[in-house]
Amino acid sequence: MSSEKQPTKLWGGRFTGATDPLMDLYNASLPYDKAMYDADLTGTKVYTEGLNKIGLITAEELSEIHRGLEVIRKEWAAGEFVEKPGDEDIHTANERRLGEIIGTHISGKVHTGRSRNDQVATDMRIYVREKLGELVKFVGEFVKVIVTRAEQEIDVLMPGYTHLQRAQPIRWAHWLSMYATYFTEDFKRLKQIQARVNQSPLGAGALAGHPYGIDREFLAQGLGFDSVIGNSLTAVSDRDFVVETMFWCSLFMNHISRFSEDLIIYSTAEFGFIQCSDAYSTGSSLMPQKKNPDALELLRGKAGRVFGSLSGFLMSIKSIPSTYNKDMQEDKEPLFDALRTVEHSVLIATGVISTLKINKEKMEAALTMDMLATDLADYLVRKGVPFRETHHISGECVRAAEEQKLSGIDQLTLEQFQGIDKRFGEDVKDIFDFEASVERRDAIGGTAKKAVLAQLKNLAAQVNQ
Ligand SMILES: *[C@@H]1O[C@H](CO)[C@@H](O)[C@H](O)[C@H]1NC(C)=O
């Protein structure tokens with residue numbers, strides 16, 4: 001009788017057995033959380049030392065456990081770990097394997113007082129901490145490459161833009177220093193996040209705390225955490241460190257995306273300021289003359305995917321009740337994807353900036369005399385005229401040059417200048433020099449050579465810490 005074989009099936013449908021095979025797949029996290037195998041084994045190693053310290057595991061059992069954990073570590077590292085049906089996640093897979101190696105009479109003790117809730121939170125924090133450490137290194141390296149390039153090309157001038165309209169002349173190195181400043185802030189922010197990630201949830205149990213008085217400080221120290229999370233309910237349910245890490249990834253990718261967009265624009269024939277090296281561009285399959293900045297477009301495009309990881313996970317957790325809920329398993333895939341994307345992106349961006357070629361002549365040819373209209377206004381300011389007035393006078397000079405179809409305001413004669421304002425003198429001609437314009441902006445943060453070199457030195461010092 002089918003009703004006896006399927007006692008739980010009331011309304012039909014595709015579900016026929018005691019368990020739904022698709023549910024196993026839907027529920028399982030091993031396909032992706034095995035990335036944390038090392039963190040999981042380390043967590044168990046230290047946790048069992050904690051159990052030994054309170055007399056729940058003997059010294060002999062502890063050394064057997066440690067031996068077994070090492071075997072498993074080697075199996076994962078060599079790609080020889082055999083996954084079995086029933087290995088729902090990295091924690092069950094490792095524990096099952098430990099039992100096979102040292103016997104379940106011992107392996108059955110390792111989970112005493114521990115829950116998968118504090119275990120997974122611990123594994124995640126160890127894993128994220130390591131990834132952030134790698135990113136600190138890569139982002140620091142990226143900044144150094146930009147700084148070195150800027151120092152070498154300090155003499156090159158180009159137009160600075162607002163609204164993508166030519167605004168004022170700047171140094172190419174000043175543009176580089178702008179992005180190096182963003183990325184240095186990212187570097188510093190990363191270190192602040194590292195400190196918040198590095199707190200120990202271990203020993204919180206399922207939620208209510210540890211029933212055998214485990215020494216949580218000891219566990220934290222053994223795992224290299226800076227401190228213990230002070231509330232067991234928070235310890236198992238907090239994923240702010242995941243959100244914060246993905247926020248960091250998103251903000252960093254936003255900077256990467258804007259950096260890429262500038263370079264894409266500068267690489268067009270219309271600008272011709274830069275040329276990406278062949279390693280980071282491709283030709284068109286149809287148009288032989290084309291060279292596309294694929295790497296830069298991918299960097300720009302992948303920002304969207306990282307933002308999606310952050311917003312998707314925030315949606316997943318926004319309404320879950322305290323404390324642990326299975327929804328939280330949705331933290332891993334977006335986090336891992338965001339971290340991998342960012343890691344690859346910073347390495348690609350480093351490659352792009354260290355190999356692209358600039359076209360100094362094109363950059364300087366794009367400088368036009370109208371970009372010195374502000375300098376013309378400043379000239380009269382130095383002669384005591386209020387800026388509001390000089391701004392207006394300079395505007396009249398621009399209009400006069402346009403009306404007379406001159407190639408620029410520098411082509412106006414002294415008489416014409418004086419016709420507009422009699423305070424113009426012979427020395428007005430000195431204004432029409434891009435290098436001089438740039439060099440006048442020598443206050444902190446400006447585009448004068450000494451100001452830019454100071455910025456670069458400061459940035460290099462910050463990422464060297
Ligand atoms: C889902 O996986 C968890 C482990 O993460 C396990 O405890 C639970 O039994 C599984 N549930 C189902 C319905 O398979």
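Residue numbers start at 1 and run along the sequence shown. In each ligand, atom 1 is the first atom listed, and ligand 1 is the first ligand listed.
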With sequence neighbours excluded, what pairs up with Arg171 under the salt bridge (Lys or Arg N to Asp or Glu O under 4.0 Å) test? Glu435, Glu439

Ser177 (side chain) donor-acceptor with Ala173 (main chain) under 3.5 angstrom: no

For residues 308-324, pull every pair meeting side chain to side chain donor-acceptor pair (under 3.5 Å), keeping only residues two or more places apart or in separate chains. none

Once you measure the plane-to-plane angle for His210 and Tyr212, does it fall in the parallel (<30°), tilted (30-60°) or perpendicular (>60°) bin? perpendicular

Using side chain to side chain donor-acceptor pair (under 3.5 Å) as the criterion, list what pairs up with Ser277, not counting sequence neighbours. Thr355

Contact set, ligand 1, heavy-atom distance under 4.0 Å, ordered by chain/number, equals Met23, Asn27, Glu88, Asp89, Arg116, Lys326

Is there a side-chain contact between Val228 and Gln221 (heavy atoms, below 4.5 Å)? no

